[in-house]
Structures are given as C-alpha cells and as structure tokens.
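Take a look at the structure below.
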Amino acid sequence: MDESTRGTLGFVAVQLAAVYAGLHFYWAFPKLVRTVQYGQPLYRDPRPLLFVGLTVLVLGGLVLVQRGAIPRTAAYVAGMALMAVSIAGWMVWHLGGHVALLPWAPEGVSQTHVGNPVAVLLEHAVGDPIEGLSKLVEVALFGVLGALLYDEVATDAPTDRESPAESDAGR
C-alpha cells in the first residue's frame, strides 16, 4: 500500500473512532446523568457507564497512539477487538432478551424477540438511527483497521530474498 493510501486510511480510522466514541457518549451520558439524579444503582443497566468508559478509552487510545506511546499494530488489534466485542455484545443484548441477560434482573423481565434473528437485528438497526449508524461505523472501522494491520504486517515481513536478520540490520 502506498503512503498516500495508508495516510488516508489512517485518517479515516481516526474519524471513525471519533464517531464511534461520540455516538456512544451521545447515547450514554444523558442516561447516566438520569441514573445518578434519580439515585438508581449504576448496575441496574450498566450500558451507560460502560459506554462512557468506552468513549474515554477510545479517545485516550487515539491520543496515546498519536504520541507514540502505543504501537500502531497493537492499536489496530485492540481496535478490531473492541469493534468485534461491540457488535457481538449488541447482538447478544438484543437476541438474549435485553435486561434478562443481567444476573440481577428479576425473574420474568425478559424481552425476548421472536422470529428470525437477522430480522430482529435489522429491525433494531433500522428502528433506532443511532444504533444503526453505530453498527455501520463499527463494521467500517473494523475493516479499515484490518486493512491497516494487514499493510503494517505485510510491509514489516521480510521478502523471500531477504533473511530476517538482513531485514533487521537494514533498519
């Protein structure tokens, strides 16, 4: 991958990560404030606290990568893992009955959806624009980070004509 493409993908990755953090903060912060205002326990629905924490983690990670404190490859892998966990968590949350997944939820609180799981997830993604946009951003960021990681690993790998020792000596 040439330097221009790599730079463009890096820029896109930063923008997508910022949108990811912004969407999660936009959804979570008002709910977290209401929870605290009404004196409800934070564990009742842990998503707002978790999402605000994710926002801080992602934005802090961007700063640490920019300052060189975290290697890019580690950031790419961590970002891809976070996007995979976000998507899987969203799927499990909706397909598992929402609040019923929480171990402290009272009996019979389930909101299990009946029907095709793909249709259920699509209904949630389309029914709530923030959710749908968030999932699109997560999938796109996973792909962009994957491309950047592949390029990073592929360009660091020694060629067939060059031994690993020669590769390290030339740097």
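This chain uses plain numbering: 1 for the first residue, then up along the sequence. Owing to the predicted nature of the structure, the values given are computational and were not obtained by experimental measurement. Computed from heavy atoms alone, side chains included, the values below leave out hydrogens, waters and symmetry copies.
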Give the table of side-chain donor-acceptor pairs shorter than 3.5 Å for residues 74-87, with sequence neighbours excluded, one pair per line with atom names and distance.
unit_1 : atom_1 : unit_2 : atom_2 : d
Ser86  : OG     : Tyr20  : OH     : 2.7
Ser86  : OG     : Leu82  : O      : 3.0

Hits for ring pair (Phe, Tyr, Trp, His ring centres under 6.0 Å) against Phe29, two or more places apart or cross-chain, chain-then-number order -> Phe25
Hey, could you give me the [atom1]/[atom2] distance between [X] and [Y], rounded to the nearest 0.5 Å?
X: Leu133; Y: Glu138; atom1: CG; atom2: CD; value: 9.5 Å
X: Leu50; Y: His24; atom1: CG; atom2: NE2; value: 8.5 Å
X: Thr8; Y: Glu3; atom1: OG1; atom2: CD; value: 10.0 Å

Donor-acceptor list for residues 54-62 side chains, cut-off 3.5 Å, not counting sequence neighbours:
unit_1 : atom_1 : unit_2 : atom_2 : d
Thr55  : OG1    : Ala21  : O      : 3.2
Thr55  : OG1    : Phe51  : O      : 2.9

Note to self: Between Leu9 and Met1, is the side-chain contact (heavy atoms from CB on, under 4.5 Å) condition met? List the steps.
What the structure shows: CA-CA 10 Å; Leu9 283 178; Met1 181 181 308; 3.7 Å; yes
Just to verify, what does [X] make a side chain to side chain donor-acceptor pair (under 3.5 Å) with, not counting sequence neighbours?
X: Asp151; result: Arg6
X: Thr5; result: Asp2
X: Gln37; result: none

**Request:** Take atom CE of Met91 as the centre, draw a 6.0 Å sphere, and report whether it contains more than 12 heavy atoms from other residues, nucleotides or ligands.
**Result:** no
Considering only residues two or more places apart or on different chains, which pairs with a residue in [range] satisfy salt bridge (charged side-chain N to carboxylate O under 4.0 Å, His left out)?
range: residues 84-96; answer: none
range: residues 48-64; answer: none
range: residues 67-93; answer: Arg72-Glu152

Any chain of hydrophobic side-chain contacts (each under 4.5 Å) joining [X] to [Y]?
X: Val153; Y: Leu148; answer: yes
X: Leu136; Y: Val14; answer: no
X: Leu23; Y: Val12; answer: yes
X: Ile70; Y: Leu145; answer: no

For Gln40, the side-chain contact (heavy atoms from CB on, under 4.5 Å) test, sequence neighbours excluded, returns Thr35, Tyr38, Arg44
By salt bridge (Lys or Arg N to Asp or Glu O under 4.0 Å), Glu131 pairs with (sequence neighbours left out) none
| query | Under 4.5 Å between any side-chain heavy atoms of Trp27 and Arg47, yes or no? | reply | yes
Heavy atoms of Pro48 and Ala28 approach each other most closely as O-CB, 3.4 Å
For Phe11, the other hydrophobic cluster members (4.5 Å side-chain criterion, sorted by chain and number) are none
